[in-house]
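Keep in mind that this is a model prediction, so the values were computed, not measured.
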Amino acid sequence: MAKSAAKKMREKRIREGKMDLAAMRSPFALADLRTRRTKTKQEVLGRVKHKKPYENPNFTGGEQGSFYFVRISRKGVDEKKPAC
């Protein structure tokens, strides 16, 4: 692999007895400071829970739930109904 122009200049300075500029770099210049990790099971489940709760098959309730409605009249049976 070919050397970059900057690397050639650094090596030339070292050969000439001058200071190596690479030694003056910050220690953080080469470090990857990003934290990488996979999501935990709880984080994945929480994301699904809040993203689309009505499409989650484990969700009980909401618009996709079923119900049975019974109307019970508390009035007596002798009530007169208007004739229409």
Listed partners of T40 passing side-chain contact (heavy atoms from CB on, under 4.5 Å), at least two apart: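 Residues passing side-chain contact (heavy atoms from CB on, under 4.5 Å) with T40: R37, Q42, E43.
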
All side-chain contact (heavy atoms from CB on, under 4.5 Å) counterparts of S26, not counting sequence neighbours: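 side-chain contact (heavy atoms from CB on, under 4.5 Å) list for S26, sorted by chain: F28.
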
Tabulate below the donor-acceptor pairs under 3.5 Å that side-chain atoms of residues 9-23 make, not counting sequence neighbours, or state none.
residue	atom	partner	partner atom	Å
E11	OE1	K3	NZ	2.9
D20	OD1	A22	N	3.2

Sequence-distant partners of R34, salt bridge (Lys or Arg N to Asp or Glu O under 4.0 Å), two or more places apart: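 Checked R34 against salt bridge (Lys or Arg N to Asp or Glu O under 4.0 Å); matches are D32.
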
